[in-house]
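Note sheet for the following structure.
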Amino acid sequence: MRDQRAFEKIWRVVARVPRGRVATYGQIARMAGLLNGARTVGWAMRALSEDRRIGGRRVPWHRVINAQGAISLRGGEDGGGAPRQAAALRREGITVLRGGRIDLGRYLWRGQRQRT
DNA sequence: CGTATGACGAGCC
DNA sequence: AGGCTCGCCATAC
């Protein structure tokens with residue numbers, strides 16, 4: 001796969017986030033090889049929402065939140081977006097506080113690249 | 001090819 | 001703590 005689009009790399013990283021755990025945009029970007037591509041990750045997630053799947057593989061986009069430990073989706077219009085992400089996370093056993101905030105210290109995914 | 005945009009992030013006030 | 005601005009990266013037009 002030459003000239004692989006950045007999105008695909010990002011999706012691949014997101015797909016590695018285990019259930020019941022979350023990752024930040026910046027973290028995903030770094031793992032995908034982008035130093036400061038947090039915004040690009042968001043872009044990839046947005047592009048993904050149209051299909052929600054890549055090559056038949058389901059991408060857990062709902063496990064991606066911002067560095068503040070909160071759901072970043074803008075005010076979901078028509079019930080889409082944030083409420084849906086919060087519901088998906090809770091379904092995995094993650095406690096989503098009011099305002100879509102999540103305790104990173106408790107649910108943040110520790111990628112293999114990150115050492116303790 | 002230049003400009004605008006965006007599910008971000010860190011810094012400042 | 002809350003809000004505003006600038007920076008970064010990859011697409012869309």
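FYI, side chains are in, hydrogens and waters are out, and symmetry mates aren't considered; it's all heavy atoms of this structure. Quick note on labels: first sequence line is chain A, next is B, and so on, each numbered from 1.
Note that CD1 of A:I71 is 10.5 Å distant from NE2 of A:H62, once rounded to the nearest 0.5 Å. Here the straight-line distance linking atom CE of A:M31 with atom NZ of A:K9 works out to 15.0 Å at 0.5 Å rounding. Note that CZ of A:F7 and OG1 of A:T40 are 7.5 Å apart. Values are rounded to the nearest 0.5 Å. Between the CD1 atom in A:I65 and the CG atom in A:L89 there is a gap of 7.5 Å [rounded to 0.5 Å].
Between A:Y107 and A:V96 the shortest side-chain heavy-atom distance does not fall below 4.5 Å. Here the side chains of A:M45 and A:I28 are not in contact, with every heavy-atom distance at 4.5 Å or above.
Rounded to whole angstrom, the span from the CG atom of A:L35 across to the C1' atom of C:dC9 amounts to 10 Å. Going from atom CG of A:L48 over to atom P of C:dT11 covers 14 Å, rounded to whole Å. In this entry the distance linking CE of A:M45 with C1' of C:dA10 reads 13 Å, nearest Å. Taking atom NZ of A:K9 as the reference point, atom C1' of C:dC9 lies 11 Å away to the nearest angstrom. What separates CH2 of A:W61 from P of B:dC8 is a distance of 13 Å, to the nearest Å. Note: CH2 (A:W43) to C1' (C:dC8) measures 13 Å, nearest angstrom. Residue A:F7 contributes atom CZ, which lies 13 Å from atom P of B:dC8 at whole-angstrom precision. A straight line from CD1 of A:I28 to C1' of C:dA10 spans 17 Å, rounded to a whole angstrom.
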Enumerate the protein-to-nucleotides 2-5 of chain C contacts in which both atoms are nitrogen or oxygen and the separation is below 3.5 Å.
none

Which atom pairs link the protein and nucleotides 9-13 of chain B when you take only N or O atoms and keep those under 3.5 Å?
residue, atom, partner, partner atom, Å
B:dG9, OP1, A:G26, N, 3.3
B:dG9, OP1, A:A67, N, 3.1
B:dG9, OP2, A:A67, N, 2.6

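Checked by atom type and distance alone, the side chain of A:Q27 pairs as donor or acceptor with a backbone atom of A:W109 at under 3.5 Å.
Applying the salt bridge (Lys or Arg N to Asp or Glu O under 4.0 Å) test to pairs two or more places apart or on separate chains, those with a residue in residues 87-96 of chain A are A:R63-A:E92.
Applying the 3.5 Å distance criterion, the base of C:dC9 shares no donor-acceptor pair with the side chain of A:R39.
For A:T24 against A:N66, the heavy-atom pair with the smallest separation is CG2-O, 3.8 Å.
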